[in-house]
Amino acid sequence: MCGIIGYSGHRPAVPLLVEGLHHLEYRGYDSSGVSFIQAGKLHVVKAAGRLSALEAKLAHEPVMISTCGIGHTRWATHGAPEERNAHPHLARGGSLAIVHNGIIENFQELRDELTASGCTFVSDTDTEVLACLIEEERKRASSLLEAFARALRRARGAYAVAMVAPEEPGTVYAARLSAPLLIGVGTGECFVASDVPAFLNYTRDVVFLEDGEIARIGRGGGSWELFRLDDLAPVSRATTRIAWDMQSACKDGYKHFMIKEIMEQPRVVAECMAGRVPADPARDVLDGVSLPELDGMDVPRRLRIVACGTSYNAGLWGARFLEKFGGIPVDVEIASEFRYRDPLLEEGEAVLAISQSGETADTLAALRLAKEKGRAALGLCNVVGSSIAREADAVLYTQAGPEISVASTKAMCSQMVVLLLLALYWGKRRGKKDDSALLTHLRGLPALLEGALPAMRETATHAARTYSGARSFFYLGRGPSYPLALEGALKLKELSYIHAEGYAAGEMKHGPIALIDPDFPTFALALRDEFFAKMVSNIEQVQARQGRVIVLTQPDSCGECGDLHADVLWMLPSCHSELASFLALPALQLFSYEVADYLGKDVDQPRNLAKSVTVE
Ligand code: AGP
């Protein structure tokens, strides 16, 4: 995610802004910039690449004595990671500059309206549209605060935004809606930032903004005010004292990046849907899923998914939905096998390369092979501007924010969301029957997940204590839970170094069941779908051979667990059957995390592993 910092006080602002951006580097970024007001003039300095590029540019600026400014590190979602798309963005009339984190879903409609009124744009970003909208509103508003509020009331989506303007040279305005933003309260100085590490060296006293609030800092240094966005009523709020050290602050207070990224998944699901699922449910049938990146491409007659590791498991999971809702035959292959097989790709068959990093050598090679064979090559990536994203004929971004931990967690969740949306999108384009009911349930998924995660973590912790001594584990699933079983086994292997095998539960009787004994426990996924009864009998077969079983399941229609018995009966909340995987996935991730943490393993940097395998 992008990093935001703003400052108003008694010190030169620019060094503080750059220092704060360095403390936000862990969030991942591909460009950066600062804006400050000096002698009544608005200055903007920005650079693509690392912060060192920005510092090199600043070194050529005249002495910067401004005591008020804003800074930003950008993690690209709309628009390539180039300087022209870097923040801060100026309003066309130069009357203000803003930095922004999040996605303005209706930015295209606002951009069209502003263009019609003569506004021109130099970037592809939604942020520049917002800057111009504020400047436009200023013509009608009685104050800069009012103009800021009027513009934000028109923006839909998720944002954290900060703004400076020569009209009020010592003031920084900021606002949040579904993206974190907080005030750091110092002595005679104030900060605004997307995260505590940006100013932790200067103050531990913070004020957290709530959604739909505007902050104003400065106006003579050190002061801060809060207002309600919808009516500008003043808001009072106590400061909170942060006890974290810098290291834990980068992880939002979590012990590891992995657990932070697992717990971020509700927000990831919401951001993944932003701009793709109609904001107004009444438009579901009429509009359906919107994936403009693919509007110019034919719907493929067949699809070949190629990927590695967790991304392969996500592809295997998505294939079922692409066939069911998209009506398209799908094959899924491990990229390192596909690339050396000289595969036959039919006329009208497209290849979809799934890769969080967008740099995995085998997956990139598979994408290139598809293009050599003259087939359409699509990418599904998390890193904007990565090799696979650049070389694909079209790319869908998961918008999950940087995934720091080597073990992929929120990336898989976001890949599954996009694959589901892709299935609905292609299904609609092929005139298949409408499945918009699923969109209603998908909209409620972030809240459902948010509510379920704390209890899931507790169950995972207890189960981990009991099973961390196992030497081997089976993970069993059927249907959509089979790829999840593969993923659960991969997570346990790569984090705790305990051997684990994911298996299609129906395969147990064809050999693997010979391995079952009390020291070879099984993790069975028995979600309330059409495979539930079959899974119950698979579980009984394991128990008949003294195998211990952790069962991940959901209550039946009476809210009971029915005739399921297990050593650990892990109950997930009820939900639409097609979305149960989004509850099962974090449970599997949390179990492997808690086992690895209990065993004292290096959770974020497991031995022998790299975040992106850019070699064969
Ligand atoms: C997942 O936890 C692993 N770190 C690994 O399997 C990873 O999914 C695989 O290397 C593919 O990476 P990619 O998604 O960046 O292509």
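Whatever order the structure lists ligands and atoms in, that order sets their numbers, starting from 1. Note: hydrogens, waters and symmetry copies are ignored here, and every other heavy atom, side chains too, is used.
By the 3.5 Å distance cut-off applied to N or O atoms, T363 is not counted among the residues near ligand 1. Looking at Q415 next to ligand 1, no N or O pair under 3.5 Å apart turns up.
Atom 4 (N) of ligand 1 has V406 O, 3.0 Å as its closest protein atom, hydrogens excluded (heavy atom only). The protein heavy-atom contact nearest to atom 9 (C) of ligand 1 is C308 O, 3.9 Å. In terms of protein heavy-atom proximity, atom 10 (O) of ligand 1 is nearest to V613 CG2, 4.0 Å. With hydrogens left out, the protein atom closest to atom 15 (O) of ligand 1 is S357 OG, 2.7 Å, a heavy atom. For atom 3 (C) of ligand 1, the closest heavy atom belonging to the protein is E494 OE1, 3.5 Å.
Residue-environment remark: NZ (K373) exceeds the threshold of 12 foreign heavy atoms within 6.0 Å.
The side chain to side chain donor-acceptor pair (under 3.5 Å) analysis of residues 472-481, with sequence neighbours excluded, yields the pairs S472-H499, R478-N538.
Cation-pi geometry between R607 and Y497 is met: the NZ or CZ atom falls under 6.0 Å from the ring centre, inside 45° of the normal.
Listed by number with element, the atoms of ligand 1 under 4.0 Å from a non-hydrogen atom of A407 are 2 (O). Of all the atoms in ligand 1, the ones that sit under 4.0 Å from a non-hydrogen atom of T310 are 1 (C), 2 (O), 6 (O), 8 (O). Of all atoms in ligand 1, listed by their number and element, those nearer than 4.0 Å to a heavy atom of S408 are 1 (C), 2 (O). Shown in contact with S311 at under 4.0 Å from a heavy atom are these atoms of ligand 1, numbered in order with element: 8 (O), 13 (P), 14 (O).
Exactly one residue among E494, Q356, K491 makes a side chain to side chain donor-acceptor pair (under 3.5 Å) with T310. That residue is K491.
The shortest heavy-atom distance from K491 to ligand 1 is under 4.0 Å.
In terms of modelled atom types and a separation under 3.5 Å, the side chain of D604 and the main chain of M258 share a donor-acceptor contact. Between the Y29 side chain and the L51 main chain, a donor and an acceptor come within less than 3.5 Å of each other.
A donor and an acceptor atom, one from each side chain of N85 and T125, are nowhere located under 3.5 Å apart. At a cut-off of 3.5 Å, with distance as the only test, a side-chain donor of E403 or S408 sits close to an acceptor on the other residue.
Distances from atom 16 (O) of ligand 1 to the heavy atoms of T360, T409, I354 show the closest one on T360.
With sequence neighbours left out, the salt bridge (charged side-chain N to carboxylate O under 4.0 Å, His left out) criterion links E261 to no other residue.
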